[in-house]
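Chain letters run A, B, ... following the sequence lines, proteins first, then strands; residues in each count from 1. Hydrogens, waters and symmetry mates are skipped; everything else that's a heavy atom, side chains included, is used. Quantities reported herein were computed from a predicted structural model and do not represent experimental measurements.
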Amino acid sequence: MDVSTIIAPLNDAQRLAVSAPNQAMLVLAGAGSGKTRVLVHRIAWHIKINQISPFHILAVTFTNKAANEMRERIENMLEISARAMWIGTFHGLAHRLLRQHVEQAKLPANFQVMDSDDQLRLIKRLLKNLNIDETKWPPKQVQWFINAQKEEGIRARHMHESGDFYQRQMLTVYKAYEDLCDRSGLVDFAELLLRAHELLRDNEDLLHFYRQRFQQVHVDEFQDTNTIQYAWLRLLTEGNDNLFVVGDDDQSIYGWRGAKIENIFNFQKHYPNHQVVRLEQNYRSTGHILKAANTLIANNEARMGKELWTDAGEGLPISLYSAFNEQDEAYFVVEKIKQWVNDGGLRRDVAILYRSNAQSRQFEERLMTTGTPYRVYGGLRFFERMEIKNALAYLRLANHHDDDASFERIVNTPTRGIGAKTLDDMRILAREQNLSLWQASVRMLDENRLPPRAGNALKGFLNLILQLGGETLELPLHETVKLVVEKSGLIELYKKEKQDKGEARVENLEELVNAARLFDADSLNEENLSEVDLFLTHAALEAGEMQGEVDEDCVQLMTLHSAKGLEFKLVFMVGMEEGLFPSQQATDDPGRLQEERRLCYVGITRAMEQLYLTHAESRRLYGKDNYPRPSRFLREIPPESIQEIRLRAQVTRPAATFNSTLGNSTQTAGRYRMGQSVRHEKFGEGVVLQTEGEGDQKKVQINFRNAGIKWLMLAYAKLETL
DNA sequence: TACCGTAGAATTTTT
DNA sequence: TTCTACGGTA
């Protein structure tokens, strides 16, 4: 393979990035500008042109999906195995480091990874133990606090006792949490990163080794890195100038989760010899769409600056529809989708994007009644489902008796007569004697501390776990899982549950056995784990797909956040209203508002051919009617790129639609029907929401742009239709 | 232990 | 409005 095969399919900017000499590099890759391609080709360049062994290459991503895709594309392109190359997520790679150096990382050899749900449960239990009132100290908030500290690299011992009451309380919990995790051999997501950072920072020989090993370090979605992730990258590369990062400050939408967009700016300070390359040619969207995106995002401050362009032509203008209410909005969108399909379009090329999950319902209902297949993203993923987590807890406890989190989870699931009293006693004993719950129950049984019934029940449970642990030693993984699922009694439990739900759970458990069968244990076993532990880690680190792969051609419904990285021919961005998007909480904070704007930018740039923006004049939210003003983002898009879909164009629509959705036939009558724009002498412009009464008694409710919502008597109000 | 009623909350979620 | 978590009761 020679230079041209790697370089030929690239544009100038891409080439510049791919073939640059070894130095720190910041690639600002606009949406749809081929950033993965640049990463893949850059790595290919190192391997084929610079003769760097894959062994010496590191590539970090945020999602498993991105990591898998990158590995695959490199292997296909170079026709080599990329086994030796470290490609993975920050968390996956951190985990691998910790496993390979458990001792130096000061972890037990069989440490287990907790997902956020496990973590939350652990915190809840901890608060109970510490007698801390959960209503005053919400576990979620505690969890957030702890993770935020870890992401900043702060341990409990680094914190001062002297803070305010809140700080001191949080610190107490943080300390206790650290102790509990250490004692139970549990590691949460943030801990993986923090500990991996400390591991390298505090072990000079190790750091030296990995700095030598990773001659070229590549990072995807750099704008999403948090403090500790960036610190880890710096440890590995600073001074060597061998850090190649790709990102887009305009697509940073996870600030609320700790992502530091500043890392992009800091990069330029920390790597003074860096080079910046901008990828601005867009291969995805039409001119109108890009113009809208560019103009909108120009309203943000402190950008690196970038302007997307295309040579693909203007395309269709963006359509804007003002719906009466959220039902009309759904109606409109689904009508347009039906048209698209009638014109030969595929449903899978269509996406409905919204700010918050709650908005999906209207669309689902409408899609359902029209018989349009659809798929909603979000919600629980496979390994996060209750029944799966229960089954995995059995598996875990059978292999790690001292895992208290798993113990608590399943000790009485299904119910086996181990009640609150028994458990309380057990917890007290465990705390006093510094034992695990397992050890505590063994002792209680040994010392005959329990009434016969509870004692027998507990004995039964311990035996079950022992049996599962013992019998499964010799079995292949999927047989082990099968045994666990069957003997645990979970299947029976869910069979009894309400029809459809229980059935789904049983199916999921069966699917779990299947997943274990398909699990390719030796694919990445550098960690020297048992097959079971490897599977458990896999479950924690890769929560799995949202739903099983449904190949059916269906409309895609998802939040703007989950749409990042995807593209669709036809995109609907719905609920473009103040208070919804931008969300209420963001409106008074300039920083958060800019993040909302970036989210809007992400949404717009998902569209390849056609983009619809919709908002509703009236929206029922949490049981209350709201009359939101159109989103400011709509005004930030150049009018010449927008085509408003006028109500007049809708006259062919059967009046029954409005009636059935609003349930009041008077509302379509007369000059002042819903949606009619009017002007009032004093209140200015507004939109009719509904009417009531007849003759001189007729009243209209109007949402005035500036004066708010008012009821007016038609006979007196001087209204002018627009 | 299981079921019911009610209070209270209700962006976004790569790992 | 709708969902969840919790506390009370059978």
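- Under a cut-off of 6.0 angstrom, the local environment of CZ in A:R453 is sparse, with at most 12 non-hydrogen atoms contributed by other residues, nucleotides or ligands.
- Judged by atom type and distance alone, A:R620 does not reach the base of C:dT1 through any side-chain donor-acceptor pair under 3.5 Å.
- Counting only heavy atoms from C-beta on, A:F189 has its side chain closest to B:dT15 among B:dA10, B:dT13, B:dT15.
- Rounded to an integer number of Å, the gap from A:Q143 CD to B:dT13 P is 16 Å.
- Atom-to-atom, CD of A:Q359 to P of B:dA10 comes out at 17 Å; the value is rounded to the nearest Å.
- Using a 4.0 Å heavy-atom cutoff across all strands shown, A:Y254 reaches at least one base atom of the nucleic acid.
- Between the NZ atom of A:K624 and the C1' atom of B:dG8 there is a distance of 13 Å, rounded to whole Å.
- Distance from the side chain of A:R361 is smallest for C:dT2 among the nucleotides B:dT15, B:dA10, C:dT2.
- With contacts defined as side-chain heavy-atom distances shorter than 4.5 Å, the pair A:F267/A:L233 does not qualify.
- When the C1' atom of C:dT1 is taken as reference, atom CG of A:L621 falls 9 Å away, rounded to whole Å.
- In this structure, A:D224 reaches the bases: a heavy-atom distance under 4.0 Å links it to at least one base atom across the strands shown.
- Computed from coordinates, the A:E326 CD to C:dT1 P distance equals 12 Å when rounded to whole Å.
- Regarding contacts with the backbone of B:dA10, every side-chain N or O of A:N357 stays at 4.0 angstrom or more from both OP1 and OP2.
- Under the 30°/60° scheme for interplanar angles, the aromatic rings of A:H95 and A:F111 are found to stand perpendicular.
- Within the nucleic acid shown, A:S583 comes within 4.0 Å of at least one base atom, counting heavy atoms only.
- Regarding contacts with the backbone of B:dT13, every side-chain N or O of A:S116 stays at 4.0 angstrom or more from both OP1 and OP2.
- Taking the six-membered ring where the residue is Trp, A:F363 and A:Y354 present parallel rings, their angle staying beneath 30° rather than reaching 60°.
- Across all strands shown, A:N412 has heavy atoms under 4.0 Å from sugar-phosphate atoms exclusively, and none from any base.
- Across the protein-nucleic acid pair, A:H538 atom NE2 and B:dT15 atom P stand 11 Å apart, rounded to whole Å.
- Across all strands shown, A:E596 has heavy atoms under 4.0 Å from base atoms, whether or not it also approaches the sugar-phosphate.
- For the OP1/OP2 pair of B:dA10 and a distance below 4.0 Å, the side-chain nitrogens and oxygens of A:S356 include no atom meeting the criterion.
- In this structure, A:E542 and A:Y622 both approach DNA chain B, and ranking their closest nucleotides by distance from the 5' end singles out A:Y622.
- If you take CG of A:L93 and P of B:dT15, they are 13 Å apart, rounded to a whole angstrom.
- The interatomic distance linking A:H561 (NE2) with B:dT15 (C1') rounds to 16 Å, in whole Å.
- Stacking of A:R385 on the aromatic ring of A:F382 is not recorded, the 6.0 Å distance cut-off and the 45° axial limit not both being met.
- In terms of position along DNA chain B, the nucleotide closest to A:Q585 lies nearer the 5' end than the nucleotide closest to the other residue of the pair A:F62 and A:Q585.
- Ring geometry for A:W256 versus A:Y254: interplanar angle of 30 to 60°, hence tilted.
- Among the nucleotides B:dT15, B:dT1, B:dT12, the one closest to any side-chain atom of A:R355 is B:dT12.
- For C:dA5 and B:dT12, the C1' atoms lie 23 Å apart once the distance is rounded to whole Å.
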